Amino acid sequence: MKSTTFTPGPWLVNYAEDRFDSKRSTIEIVDGSYDSLNHEQGPLVLAKLNVFPFAPHMDEPLANARLIAAAPDLLAALERLTHPMADDEDLDYAREIIAKAKGN
């Protein structure tokens, strides 16, 4: 099986809530590492969601953005659960990450 590389977490949902226009704005998923967040040209954008199809209701695009941003954590949780020595602590971690992905 081929090894795949990806930007490690954390990934963050990024949008300017105070200047947000649901007809023109996008929601970005960005690399949440210190170097990315402090880069002179701005953080590395991993994905953009166009919210116009959902306007004026933001619940669905924000939920989608949270789910995308949680991808590295969800992968880590699944990897822990597939380990032969997985225990209740691993299951609790998976539940915590699922809640985070759902915005709870």
Side-chain angles (χ1 to χ4, degrees):
M1 184 175 193
K2 183 179 177 184
S3 175
T4 304
T5 58
F6 57 89
T7 304
W11 292 0
L12 305 174
V13 176
N14 185 29
Y15 73 102
E17 189 172 0
D18 59 331
R19 297 181 317 219
F20 196 77
D21 177 350
S22 62
K23 293 182 181 176
R24 292 187 298 221
S25 296
T26 59
I27 299 173
E28 297 176 337
I29 312 316
V30 300
D31 175 357
S33 70
Y34 177 84
D35 289 341
S36 176
L37 293 175
N38 292 288
H39 194 277
E40 63 186 36
Q41 295 177 356
L44 173 64
V45 177
L46 302 168
K48 282 188 180 187
L49 297 171
N50 179 357
V51 299
F52 178 71
F54 303 98
H57 305 289
M58 290 301 300
D59 292 345
E60 189 170 346
L62 284 173
N64 291 341
R66 281 192 300 270
L67 183 58
I68 294 167
D73 294 328
L74 291 167
L75 176 59
L78 286 172
E79 287 174 335
R80 282 177 64 164
L81 289 175
T82 61
H83 189 274
M85 301 298 287
D87 58 15
D88 288 343
E89 183 178 315
D90 297 316
L91 189 55
D92 290 342
Y93 175 74
R95 288 183 177 121
E96 176 185 320
I97 297 304
I98 290 168
K100 177 182 171 184
K102 289 182 170 184
N104 297 334

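Side chains are part of it too, since the values below use all heavy atoms of this structure and drop only hydrogens, waters and symmetry mates. Residue numbers run from 1 in the order of the sequence given. Treat the numbers as computed from the prediction; the structure is a model and nothing was measured.
By the 4.5 Å side-chain criterion applied to Ile, Leu, Val, Met, Phe, Trp and Tyr, Leu12 is assigned to a cluster that also includes Val30, Leu37, Val45.
Trp11 and Ile97 sit in two unconnected hydrophobic clusters of ILVMFWY residues. Membership requires side-chain heavy atoms under 4.5 Å apart, directly or through other members. Hydrophobic clustering places Tyr15 together with Ile29 (ILVMFWY residues linked when any side-chain heavy atoms are closer than 4.5 Å, directly or through intermediates). Note on Val13 and Leu74: separate hydrophobic clusters, where clusters join Ile, Leu, Val, Met, Phe, Trp and Tyr whose side-chain heavy atoms are under 4.5 Å apart, directly or indirectly.
Nearest heavy atoms, Arg66 versus Ala101: CB-O, 3.6 Å. The two residues Leu49 and Pro61 come nearest to each other via the heavy atoms CD1-O, 3.6 Å. Counting all heavy atoms, side chain and backbone alike, Asp31 lies closest to Pro8 at OD1-O, 4.3 Å. In terms of heavy atoms, Tyr93 sits closest to Ala76 at OH-CB, 4.0 Å.
For the atom pair CG of Asp87 and CZ of Arg80, the computed distance is 7.5 Å after rounding to the nearest 0.5 Å. How far CG of Asn64 is from CG of Asp59: 11.0 Å, rounded to the nearest 0.5 Å. With values rounded to the nearest 0.5 angstrom, Leu91 atom CG is found 3.5 Å from Arg95 atom CZ. In this structure, CG on Leu46 lies 11.0 Å from CZ on Phe6, to the nearest 0.5 angstrom.
For the pair Lys100/Asp73, a side-chain contact is recorded, criterion being any heavy-atom separation below 4.5 Å from C-beta on.
For the residue pair Ser33/Asp35, the side-chain donor-acceptor check at 3.5 Å is not satisfied.
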